[in-house]
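Taking it in order: structure first as structure tokens, then the write-up.
Naming convention: chains lettered A, B, ... in sequence-line order (proteins, then strands); numbering from 1 in each chain. The figures that follow rest on heavy atoms only: side chains count, while hydrogens, waters and symmetry mates do not.
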Protein chains: 2
Amino acid sequence: MRGDLSIGELSRQAGVKATTIRFYEGAGLMPKPPRSEGDRRLYDEGHVRRLSFIRHARELGFEMADVRALLELSDRPEGDCGLADEIAGRHLTAVEAKIAKLTALKGELERMISQCSHGVVADCRVIEALADHAHCGGEH
Amino acid sequence: MRGDLSIGELSRQAGVKATTIRFYEGAGLMPKPPRSEGDRRLYDEGHVRRLSFIRHARELGFEMADVRALLELSDRPEGDCGLADEIAGRHLTAVEAKIAKLTALKGELERMISQCSHGVVADCRVIEALADHAHCGGEH
DNA sequence: GATGGTTCCTCCAGTCACTGTAGGAGCAAG
DNA sequence: CTTGCTCCTACAGTGACTGGAGGAACCATC
């Protein structure tokens with residue numbers, strides 16, 4: 001309510017680029033704010049909170065559809081939170097799978113690098129490790 | 001060399017969709033293969049290996065530019081492998097960072113879910129956890 | 001040899017979540 | 001009044017694909 005913010009100020013306060021804010025407006029994540037005489041967007045503290053919420057959720061890897069759902073839920077605080085729970089749960093599963101995959105990859109990269117004799121490619125395990133795995137074919 | 005493969009067979013053997021194979025051809029990751037009378041692409045075992053190499057590298061999160069560099073290196077086995085080593089090294093750093101970030105996220109998601117009272121959104125910690133963090137503003 | 005089903009061809013548009021650019025207008029300070 | 005910054009819209013580009021249209025080719029069967 002207090003002190004209108006320009007898109008640049010909102011950008012700095014929430015840590016989201018102005019172009020991205022306009023993109024979020026078009027995508028329906030951020031509302032169309034009131035405008036000044038000169039047609040500039042005017043934001044308030046509520047917008048800072050909403051945008052920071054979006055940024056945080058995006059950083060946590062929630063996709064825009066999920067963020068939209070979460071925002072709709074938080075806009076209707078009388079609603080059932082089971083959906084929010086489910087979104088977070090789905091996300092947790094995906095995150096665990098990614099961690100497992102990346103941990104395996106880390107081991108593989110370390111092995112690759114430690115075995116690389118710093119010689120020619122013919123002796124290089126970086127290439128070979130990838131090529132080796134190429135033979136294992138099917139399941140990921 | 002033995003037994004020509006159709007794009008469909010290559011697709012099945014390497015676990016990469018035919019459309020994606022054509023896309024890789026356009027992007028220069030896969031070579032333009034010989035064609036049949038009827039203008040169909042003809043692949044061999046070498047293509048299966050190359051495509052599997054690409055698939056594996058992509059699954060490990062190497063971006064196309066890196067895959068291209070690795071492929072060029074493996075195409076010239078007399079070259080220096082320092083570059084391959086460097087690509088893998090850069091990647092290892094990024095992978096470690098990703099794992100750290102995802103592990104933090106996992107903890108946060110678990111906390112969110114365990115605290116969700118399965119009631120209305122007003123009491124829901126999933127939303128609140130996101131909103132809470134929204135206040136923490138600046139650095140990510 | 002006609003038929004039908006599958007696979008393949010090219011070309012092009014769409015996806016996601018932005019990012020960047022062009023070309024202009026508004027605004028505040030010197 | 002001019003300089004320089006921020007902001008406006010509109011649109012094109014990114015990466016890494018994915019999907020569809022519309023047509024040709026191949027294969028098996030009748």
Side-chain angles (χ1 to χ4, degrees), chain A residues 3-43 47 50-71 87 90-91 94 98 140, chain B residues 3-44 47 50-71 87 91 94 98 140:
Chain A
D4 286 322
L5 306 170
S6 70
I7 196 169
E9 281 164 312
L10 175 61
S11 170
R12 277 182 290 280
Q13 287 193 32
V16 175
K17 290 185 182 169
T19 43
T20 306
I21 296 169
R22 286 189 281 258
F23 168 75
Y24 285 160
E25 186 181 318
L29 291 189
M30 287 295 286
K32 284 179 190 292
R35 301 287 187 117
S36 73
E37 290 287 295
D39 208 33
R40 278 141 191 250
R41 288 168 178 84
L42 297 174
Y43 295 100
H47 291 111
R50 190 183 182 92
L51 184 55
S52 301
F53 179 108
I54 295 169
R55 182 193 126 209
H56 189 63
R58 291 285 308 124
E59 272 173 8
L60 293 187
F62 289 91
E63 45 192 61
M64 273 174 58
D66 287 339
V67 179
R68 217 183 323 263
L70 289 170
L71 281 167
I87 292 169
R90 254 195 299 115
H91 203 60
K98 267 190 201 171
H140 84 284
Chain B
D4 286 323
L5 305 169
S6 70
I7 197 170
E9 280 163 311
L10 174 61
S11 169
R12 277 182 290 280
Q13 288 193 32
V16 176
K17 290 185 184 170
T19 42
T20 306
I21 296 169
R22 285 188 282 259
F23 168 75
Y24 283 160
E25 186 181 319
L29 291 189
M30 287 295 286
K32 284 179 190 291
R35 300 289 187 116
S36 73
E37 289 288 295
D39 209 32
R40 278 141 191 248
R41 289 166 179 86
L42 297 174
Y43 296 100
D44 61 29
H47 291 110
R50 189 183 182 92
L51 184 55
S52 299
F53 178 108
I54 295 168
R55 182 194 126 209
H56 190 61
R58 289 285 307 125
E59 272 174 7
L60 292 188
F62 288 92
E63 46 191 60
M64 272 174 59
D66 287 340
V67 179
R68 217 182 323 264
L70 289 170
L71 282 167
I87 292 169
H91 204 61
K98 267 190 200 171
H140 84 284

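- Residue A:Glu9 contributes atom CD, which lies 12 Å from atom P of C:dA28 at whole-angstrom precision.
- With hydrogens and angles disregarded, a donor-acceptor distance shorter than 3.5 Å links the side chain of B:His47 to the backbone of B:Asp44.
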Exercise for the section: Begin from the C-alpha positions of B:Arg22 and B:Ile7 and carry the test side chain to side chain contact (heavy atoms under 4.5 Å, CB included) through to its verdict. Expected result: CA-CA 9 Å; B:Arg22 285 188 282 259; B:Ile7 197 170; 3.6 Å; yes
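- Using a 4.0 Å cut-off on heavy atoms, the residues of residues 27-40 of chain B that approach DNA chain C are B:Arg35, B:Asp39, B:Arg40, listed by number.
- Following rounding to the nearest Å, B:Ile21 (CD1) and D:dA16 (P) show an atom-to-atom distance of 18 Å.
- Proximity of a side-chain donor or acceptor of B:Arg50 to a complementary backbone N or O of B:Leu29 within less than 3.5 Å is detected.
- B:Arg68 contributes a side-chain N or O that, together with a main-chain N or O of B:Ala27, makes up a donor-acceptor pair within less than 3.5 Å.
- The closest donor-acceptor contact from the side chain of B:Gln13 to the backbone of B:Leu10 lies at 3.5 Å or more, if one exists at all.
- Within the 3.5 Å criterion, the main-chain N or O of A:Leu5 finds no donor-acceptor partner in the side chain of A:Arg41.
- Distance A:Leu42 CG to D:dT6 P: 17 Å, rounded to the nearest Å.
- Atoms CD1 (A:Ile7) and P (C:dG26) sit 17 Å apart, rounded to a whole Å.
- Proximity of B:Arg41 to the phosphate of C:dT10: a side-chain N or O atom is located under 4.0 Å from OP1 or OP2.
- Summarising the geometry, the separation between CG on A:Leu10 and C1' on D:dC7 is reported as 14 Å, rounded to the nearest angstrom.
- B:Glu25 places its CD atom 15 Å from the P atom of D:dC17, with the value rounded to the nearest Å.
- Under the 3.5 Å distance criterion, the side-chain polar atoms of B:Arg55 are matched with a main-chain donor or acceptor of B:Ala14.
- Per the geometry, NZ belonging to B:Lys17 stands 19 Å off C1' belonging to C:dC9, to the nearest Å.
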Exercise for the section: Using a 4.0 Å cut-off on protein heavy atoms (strictly under), produce a 5'-to-3' string for nucleotides 11-18 of chain C with B for base contact, S for backbone-only sugar-phosphate contact, and - for none. Expected result: ------BB
Exercise for the section: Go through the steps to decide whether A:Tyr43 and A:Leu51 satisfy the test side chain to side chain contact (heavy atoms under 4.5 Å, CB included), and finish with yes or no. Expected result: CA-CA 11 Å; A:Tyr43 295 100; A:Leu51 184 55; over 6 Å; no
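- Using a 4.5 Å heavy-atom cutoff, the side chains of A:Pro33 and A:Leu42 are not in contact.
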